[in-house]
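Below is the structure I would like to discuss, written out as structure tokens.
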Amino acid sequence: MEIRLKRNLDDMKHAYENYPVPMEAKERIQMGIDQARAEEGLGNKHSRSYKWVKRTGILVAAATIALVISVNVSSTVAYALQGIPILNTLVDIITVRTFTDKQENTQAKVDIPGVVISGDEIPKELEEGLSNLNEQMQVYMHQIIAQYKKDIDEFGPEAHESLDSSYTIVRNDNELLSVRIDTVFTMGGAANTSKIYHLDKVSGKTITLKDLFEDNSDYIQRLDDFVWDQMKNYNGGEEGNPYFMEDSNFVQEDTNFYINENNELVLVFDEYEVAIGAAGMQEFVIPANEIEDILKVPSYID
Amino acid sequence: MKAKEKEDIISQTLLQDYTKLYRLAYSYAKNSDDALDIVQESAYKAIKYGSGLKNEKYVSTWLYRIVYNTAMDFLKKRRMEQPGIEDYDMEQEDQYIDFDVMNSLNKLEPKDRTVLILRFFEEQTIKSIANITNENVNTVKSRLYRALDKLKVELEEPI
């Protein structure tokens, strides 16, 4: 009787030890480590409270967190700054960490961006907004990395995959900070994907396509119509129209965009999103007069 | 031990022991989303409050303690947000896993469960467990006896 029950405990132990652990667990631990390390620059200036966000797999900080590193602490970063001064505040981007991996048939190089700020009197909204932005970007990057790791886990040396991600500052002036993260994922063919984040420096709010337009406007339909017209009037080369003309509703609330040097709105679509892969990523410049009447004013666009 | 070296040891151990830490978190959370939140928060705290680790020899025990405390906070919060849900209720659980062992463990009250897991699955000494849970040795032993009794397991050797 005793021996059987003892075996029971051993069985339990065995089952416990073999209980599946998701790949993501290691990634999440790394995230926790990165966040704490990044905060070291702040020197415990801010107390931090977390909200447990159910089912999203992330912790959302209520106060300033993650990668808002005071440049006063690091002179190397100070020398690297290219930001345009607003009063006495400088905003720039650094690579917080580069994830690299090299295995038999796979490799990865992923730069994880973090926005940094320096200045004497940093407006609270801006600091919180940047912190928020950093967290969003971090989560996005970690998802990409986690997927890569999951693929290796699943396919082993047959994965034949390569992952390369880098970022650029698309805009950084008194009003708007725009960061673009471009990821090339190769498995068989290559797929390019882009994610562009925007932060209004005055309000500290993250800007999405919707925020550019008046509430209740039919901006999606308007943009979509314009884009569709552009596609229809494709007039290049002998290979024919690469766009998915049978589709519609290309433009969504979360469609990537940026505002170019001429202060025009540019919509950005990933490979395969609106056209055949060979055509690559697609951009459409929206002339101001097409959307003037529904733009929220004041606008970054003119 | 300089702060930087300590930090490196902590982060290395975190990444090395992540499966054990996750399983411990999971035994409380009962679903992977929450377990992942707990481990992330624990890793953050471990680096942030690294000065709390006095001797690098005990880094594993120290990490268990952080996970234990974080998980307890989590359960408390969950209880507050969803009154009426017992900590050993089935509701929060993942659907797809064959969880006989987790099932059995669920019969136990969380602190008793901790002691059982740490003693028999993670092979910690009674003294370590007392450190991790911040209780005295006799309490730990009582919990263990109670847990084994509940699971109807008898041992040949004494605890």
Side-chain angles (χ1 to χ4, degrees), chain A residues 1-44 46-61 65-66 97 135 138-139 142-143 146 149, chain B residues 3 7 10-12 14-27 31-50 73-74 77-78 81-82 92 94 97-105 116-117 120-123 148 151-157:
Chain A
M1 189 65 154
E2 279 178 5
I3 297 173
R4 180 160 57 89
L5 291 170
K6 168 72 164 70
R7 201 170 296 140
N8 206 341
L9 200 59
D10 287 339
D11 285 345
M12 280 181 71
K13 177 175 179 192
H14 184 78
Y16 181 85
E17 279 168 354
N18 288 316
Y19 202 82
V21 175
M23 285 260 351
E24 207 187 326
K26 194 167 189 189
E27 196 53 43
R28 296 289 294 277
I29 284 193
Q30 184 68 61
M31 274 176 82
I33 294 173
D34 289 346
Q35 282 177 324
R37 280 193 169 140
E39 270 178 51
E40 270 156 29
L42 270 181
N44 295 319
H46 300 272
S47 73
R48 178 171 164 274
S49 61
Y50 271 125
K51 291 190 297 180
W52 293 97
V53 182
K54 292 176 74 61
R55 306 290 168 219
T56 59
I58 60 169
L59 294 168
V60 177
I65 57 142
R97 180 165 80 94
E135 175 144 27
Q138 239 198 350
V139 168
H142 278 96
Q143 279 168 2
K149 288 182 170 176
Chain B
E7 190 184 287
I10 293 175
S11 69
Q12 269 167 39
L14 276 167
L15 294 168
Q16 226 168 268
D17 288 352
Y18 79 95
T19 54
K20 295 186 187 165
L21 300 173
Y22 175 84
R23 283 192 196 109
L24 188 61
Y26 190 92
S27 70
N31 68 73
S32 60
D33 283 339
D34 292 337
L36 290 170
D37 283 348
I38 292 173
V39 297
Q40 180 173 344
E41 175 71 1
S42 302
Y44 170 85
K45 284 199 233 171
I47 298 288
K48 180 107 181 164
Y49 306 118
D73 287 343
F74 168 82
K77 189 150 209 301
R78 188 161 78 184
E81 283 170 357
Q82 298 171 34
Q92 305 279 335
D94 289 331
I97 298 177
D98 166 32
F99 45 159
D100 283 342
V101 61
M102 289 299 176
N103 243 347
S104 312
L105 292 176
L116 184 94
I117 288 175
F120 291 111
F121 303 165
E122 302 289 2
E123 285 162 3
L148 291 172
L151 295 180
K152 301 201 177 359
V153 177
E154 282 168 32
L155 296 184
E156 294 160 359
E157 311 91 18

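The chains referred to below are lettered A, B, ... by the order of the sequence lines, with proteins before strands, and numbering in each begins at 1.
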Subject >> B/R23 side chain to A/E17 backbone, donor-acceptor under 3.5 Å >> reply: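 The answer is yes, because a donor-acceptor pair under 3.5 Å joins these two groups.
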**OP:** Please list, chain by chain and in numerical order, all residues satisfying side-chain contact (heavy atoms from CB on, under 4.5 Å) with A/K26, sequence neighbours excluded.
**Re:**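 A/K26: side-chain contact (heavy atoms from CB on, under 4.5 Å) contacts with B/L15, B/Y18.
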Subject >> Side-chain touch A/K13/B/F121, heavy atoms, less than 4.5 angstrom >> reply: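 Heavy-atom side-chain distance check passes, below 4.5 Å.
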**OP:** Taking all non-hydrogen atoms of both residues into account, name the closest pair between B/L36 and A/P22 and its distance.
**Re:**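 Minimum heavy-atom contact is CD2-CG, 4.3 Å.
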Original post:
Once you round to the nearest 0.5 Å, how far does CD1 of A/I29 lie from OG of B/S11?
Top reply: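 It is 10.5 Å, given to the nearest 0.5 Å.
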**OP:** Take A/Y16 and B/E122, measure what side-chain contact (heavy atoms from CB on, under 4.5 Å) needs, and give me the verdict at the end.
**Re:** CA-CA 10 Å; A/Y16 181 85; B/E122 302 289 2; 3.7 Å; yes
Subject >> A/R28 side, atom CZ; B/S32 side, atom OG - distance, nearest 0.5 Å >> reply: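 A/R28 CZ to B/S32 OG: 9.5 Å, rounded to 0.5 Å.
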Original post:
In terms of heavy-atom proximity below 4.5 Å to chain A, should B/I10 be classed as side chain, backbone, both, or neither?
Top reply: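 Neither part.
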Subject >> Spacing of CD belonging to B/Q40 relative to CG belonging to A/D34, to within rounding of 0.5 Å >> reply: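 Between atom CD of B/Q40 and atom CG of A/D34 there are 9.5 Å.
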Original post:
Rounded to the nearest 0.5 Å, what separation is found between the CD1 atom of B/I47 and the CD1 atom of A/I33?
Top reply: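 B/I47 atom CD1 to A/I33 atom CD1 measures 5.0 Å (nearest 0.5 Å).
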Original post:
Given a strict heavy-atom distance threshold of 4.5 Å, which part of B/E123 is in contact with chain A: side chain, backbone, both, or neither?
Top reply: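 Side chain of B/E123 only, per the 4.5 Å heavy-atom cut-off to chain A.
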